[in-house]
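Whatever order the structure lists them in is the order used to number ligands and atoms, beginning at 1.
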Amino acid sequence: MPFQLIHGDITKIRCDAIVNAANESLLGGGGVDGAIHRAAGPELLAECRTLGGCRTGQSKLTKGYRLPADYVIHTVGPIWQGGRSGEPELLCSCYRTALSLAAENGLETVAFPLISAGAYGYPEQEAQRIAVQTIAAFLETHPDMTVTLVIYDGTPDRRRSWYPEISELLDRAGKSGSGQSGSAFSGAQKAAKPRRRLFRNMNFAGAVRKETADTAAEIAADAEYCMAEPMPAAVPASLKEELLHADESFTQMLLRLIDAHGMTDAECYKKANIDRKLFSKIRSDIHYRPKKATAIAFAVALELSAEETEDLLRRAGYAFSPSTPFDIIVLYFIKTGNYNVFEINEALFAYDQVLIGA
Ligand code: AR6
């Protein structure tokens with residue numbers, strides 16, 4: 001997976017380079033900087049002394065010494081001063097210069113902490129947004145690199161508060177992990193649903209992209225209809241189309257859709273956050289059975305509707321279940337027309353779900 005988000009301690013990560021959230025002196029400090037110097041040993045400080053410091057928004061490279069990572073890229077994030085002193089541009093520049101330095105030195109796997117989001121006071125959600133966007137933009141031109149954003153804090157609750165609509169949907173499904181018992185879609189409720197709601201169910205499964213986002217309540221209501229009755233087979237856009245492609249395997253359907261959407265293979269796998277090597281494997285094996293998260297990543301890259309996504313999933317032997325958090329979150333993004341795989345992964349990460357891509 002070219003981009004991933006994980007929880008952990010960056011000093012433990014084995015990769016070509018980890019990035020340090022340093023200060024302009026490059027002579028060490030607290031937070032992740034202190035942890036990296038402690039783990040790397042005194043030789044790191046000795047090399048840092050030879051570098052003559054580093055300006056805010058810039059990056060410098062040293063060896064990793066006793067760290068599992070081969071190198072450390074030291075970058076200096078901006079101190080948060082309210083957001084009007086060029087902080088977003090400087091923070092972007094940290095990620096860009098660090099990644100460029102890695103690429104220039106042939107380093108392919110790089111792990112970042114959330115620069116500036118600790119002692120330097122950058123609001124965490126905004127800091128993460130800039131990190132993800134800048135890394136995603138860089139990977140557009142460097143698809144063979146793998147970049148990991150390492151989140152240190154243990155409690156996901158704060159991140160969940162960034163997604164009030166998704167939290168509401170999961171609460172209704174009894175899947176928020178907030179201690180609520182029972183499901184909003186309990187057997188008694190299912191039994192009480194009138195059959196006509198099946199029509200709504202089919203609307204949900206066949207939702208087309210919308211210009212504007214539905215409210216969480218509307219989506220939840222649709223999801224509820226889905227649970228009211230077993231989800232029917234998705235209704236094909238056209239019967240003729242279905243007959244033409246009835247026997248297609250996952251690979252065959254994927255390649256046909258890439259062509260039909262006027263995309264190149266590279267555009268598709270990059271947008272799906274799929275590794276080029278995995279794509280080649282899928283391309284060369286018409287019976288390839290991807291993981292569900294991989295199949296969904298392609299559906300997102302192709303901007304398929306919920307119905308089309310179900311069809312593609314079926315070719316790999318999967319279905320959506322409106323009672324699992326992963327599916328509820330993915331369907332939320334598809335239904336609201338947000339096909340940004342990186343944003344979807346941020347939300348999945350906030351709820352401790354598997355990320356999409358591979
Ligand atoms: N692994 C991953 N992330 C970590 C770790 C770790 N071991 N430890 C902390 N974090 P900060 P800044 C996270 O304060 O805001 C230093 O004194 C932490 O939760 O380390 O850029 C420097 O010398 C937070 O999300 O860096 C500078 O003077 C993120 O790393 C100043 O702090 C950054 O927090 C830089 O401040």
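- Salt-bridge annotation for R158 and E124: present, with a side-chain N of the basic residue lying under 4.0 Å from a carboxylate O of the acidic one.
- Residue A21 has at least one heavy-atom neighbour below 4.0 Å for each of these atoms of ligand 1: 21 (O), 22 (C), 26 (O), 35 (C).
- Nearest to atom 31 (C) of ligand 1 among the protein's heavy atoms is Y120 CE1, 3.5 Å.
- A distance-only check finds a donor-acceptor pair linking the side chain of R289 to the backbone of A316 [under 3.5 Å].
- Listed by number with element, the atoms of ligand 1 under 4.0 Å from a non-hydrogen atom of A117 are 15 (O), 25 (O).
- Side chain of Y318 to main chain of P290: a donor-acceptor pair is present (N/O by atom type, distance under 3.5 Å, no hydrogens or angles).
- Comparing heavy-atom distances from atom 30 (O) of ligand 1 across A127, P113, P78, A22 singles out P113 as nearest.
- Remark: among candidates G31, G30, G8, the nearest residue to atom 16 (C) of ligand 1 is G30, based on non-hydrogen atoms.
- Under the 3.5 Å distance criterion, the side-chain polar atoms of T109 are matched with a main-chain donor or acceptor of D16.
- When the side chains of ILVMFWY residues are joined at heavy-atom separations under 4.5 Å, either directly or via intervening members, L91 and L149 end up in a single hydrophobic cluster.
- Contact between D9 and ligand 1 is present, with at least one heavy atom of the residue lying under 4.0 Å from the ligand.
- Using a non-hydrogen distance threshold of 4.0 Å, G77 does not register as a contact of ligand 1.
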